[in-house]
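Along the sequence shown, the residues carry numbers beginning at 1. What you see is a predicted model, and the numbers here were worked out from it, not measured in a lab.
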Amino acid sequence: MSRPAAGTLACASCRLEYPVDRAIADFSGGVYYDTFHSEEELTREHRIGLAAEVPGSRWRIEEFYAHLIEGGASVLDCGCGNGVSVDVLNEHGFDGWGVDLSALRKWQWRERARPERLAVANALRLPFPDGSFDTVISSGVIEHIGVDERGGASYAVTPRQDRDASRRQFIDELLRVTRPGGRVFVDCPNGAFPIDFWHGGEGGRARWHRRGEGFLPSFAEINALARGAEVRALSPSRRFAFRQVGQHWYGRLFSLPMAMWLAAMKVVPFLARTATNPYLVVEIRKSAHRD
């Protein structure tokens, strides 16, 4: 895919034109999941938070996913956030691309080394032909599909009636843009584990959650969404550096034992799909035979 530095990108099949600014194509139609204008002044706390994301973005690829993907593979990071992962993928010899549906992220992408590899798009309608990628990665996205969330001092979530249908469409779309025989990696907090370390009132603060909350999916739920594809849970060992949770006493106390437990899941892979695993990494392999 190629695109101009500015102007529009035309779609031959749908006969629509999409704006391109600073080499970044925008397929959102102006509908983002957040509200941000480039002339806004971010707060100091917000800027600190965005800067703190950068080492985590690098760690996710360099310490985890780069070891699971074949060298030179074409890779889409769906929900790439700040876009650092796309730069890292290309630095390490992969053909990396990224999408996100955020006005703030689009503004951030001006700082990326490969902005032409980034696009603003809805994950339920990806702007790529069938079978475009060898591998698709989606981290921390599926749990936010089909729910209404309220942050602040406490966290609350309400599932929508179309939650399951939307999540099924999401998985279908990730598989659609994956080549036959390719792989999709979906990772998210495990809904079967009773503690959520990622969606508290502040970074890394833990919260108890109910199985029936309707927010975080379990392995069984993701397996059902994949509708018969080959699915397995992987150990999340080395997926995290425990930076955020390490700011709290329980993080400092339990980070080492948890790291050892996650490493044990490599020896006993079945454990990765159980309620003893706080964070799911699910591999979905697309059939090598075209439908």
Side-chain angles (χ1 to χ4, degrees), residues 55-73 75-80 85 88-89 91-94 96 133-143 171 174-175 178 181-199 204 206 211 216-226 228-246 248 250-288:
S57 298
R58 280 197 162 272
W59 179 282
R60 177 170 65 98
I61 300 301
E62 292 180 333
E63 299 296 329
F64 192 76
Y65 279 112
H67 302 285
L68 297 176
I69 306 170
E70 296 83 358
V75 183
L76 173 66
D77 188 4
C78 183
C80 65
S85 61
V88 176
L89 284 165
E91 288 170 11
H92 288 269
F94 300 104
F133 302 98
D134 298 313
T135 303
V136 175
I137 301 169
S138 183
S139 298
V141 175
I142 190 171
E143 68 267 33
I171 296 295
L174 298 185
L175 287 167
T178 304
R183 295 179 297 167
V184 171
F185 294 98
V186 175
D187 72 42
C188 63
N190 185 0
F193 191 80
I195 305 173
D196 176 5
F197 293 100
W198 292 270
H199 301 96
R211 286 289 298 268
L216 304 176
S218 66
F219 173 79
E221 289 167 338
I222 295 177
N223 187 30
L225 293 173
E230 181 184 340
V231 180
R232 64 173 179 149
L234 306 180
S235 166
S237 179
R238 300 290 295 173
R239 171 64 177 79
F240 299 101
F242 298 105
R243 289 189 180 90
Q244 284 192 345
V245 74
H248 304 273
Y250 49 81
R252 293 188 291 272
L253 181 63
F254 293 111
S255 289
L256 180 57
M258 180 56 71
M260 295 173 65
W261 178 243
L262 300 184
M265 293 179 187
K266 291 185 173 182
V267 181
V268 187
F270 175 78
L271 294 173
R273 61 191 294 173
T274 70
T276 67
N277 177 14
Y279 198 89
L280 292 172
V281 178
V282 180
E283 178 192 81
I284 307 171
R285 186 174 292 275
K286 185 173 180 177
S287 172

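- Judged by distance alone, with hydrogens and angles left aside, the side-chain atoms of R285 form a donor-acceptor pair with the main-chain N or O of G181 at under 3.5 Å.
- Nearest heavy-atom pair, A272 versus L280, reported as atom, atom and distance to 0.1 Å: O-CD2, 3.6 Å.
- To the nearest 0.5 Å, the span separating CD1 on I137 from SG on C80 amounts to 11.0 Å.
- From F197, atom CZ reaches atom CZ of F242 across 9.0 Å, with rounding to the nearest 0.5 Å.
- With contacts defined as side-chain heavy-atom distances shorter than 4.5 Å, the pair L174/I284 does not qualify.
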For residues 253-270, dump all side-chain donor-acceptor pairs below 3.5 Å to protein atoms at least two apart in sequence or in another chain.
{"residue": "S255", "atom": "OG", "partner": "G251", "partner atom": "O", "Å": "2.3"}
{"residue": "W261", "atom": "NE1", "partner": "T276", "partner atom": "O", "Å": "3.1"}

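- Partners of R211 by side-chain contact (heavy atoms from CB on, under 4.5 Å), not counting sequence neighbours, listed by chain and number: A192.
- A donor-acceptor distance shorter than 3.5 angstrom exists from the side chain of K286 to the backbone of L175, with no hydrogens or angles considered.
- Here the NE2-CZ distance, from H67 to R238, works out to 7.5 Å after rounding to the nearest 0.5 Å.
- Counting only distance, with no hydrogens or angles, the side chain of S138 and the backbone of C78 share a donor-acceptor pair below 3.5 Å.
- A226 and I171 get closest at one heavy-atom pair: CA-CG2, 4.0 Å.
- Of the possible polar contacts, none joining the W59 side chain to the F64 backbone as a donor-acceptor pair under 3.5 Å is found.
- With sequence neighbours left out, the salt bridge (charged side-chain N to carboxylate O under 4.0 Å, His left out) criterion links E230 to no other residue.
- Separation of atoms OG (S235) and CG (L271) is listed at 9.5 Å; rounding is to 0.5 Å.
- When all heavy atoms are compared, the tightest approach of N277 to F193 is O-CB, 3.6 Å.
- Among residues at least two apart or in separate chains, salt bridge (Lys or Arg N to Asp or Glu O under 4.0 Å) pairs with a member in residues 273-283 are R183-E283, R232-E283.
- One finds the CD1 atom of I61 at 9.0 Å from the NE2 atom of H92 (value rounded to the nearest 0.5 Å).
- Note: Y279 and F240 have perpendicular aromatic rings, judged against thresholds of 30 and 60 degrees for the angle between ring planes.
- Taking the salt bridge (charged side-chain N to carboxylate O under 4.0 Å, His left out) definition, one finds that E221 meets it with nothing, sequence neighbours left out.
- The two residues A206 and I195 have their closest heavy-atom pair at CB-CG2, 3.7 Å.
- Scored by the ring pair (Phe, Tyr, Trp, His ring centres under 6.0 Å) test, Y65 finds F185 as partners (sequence neighbours excluded).
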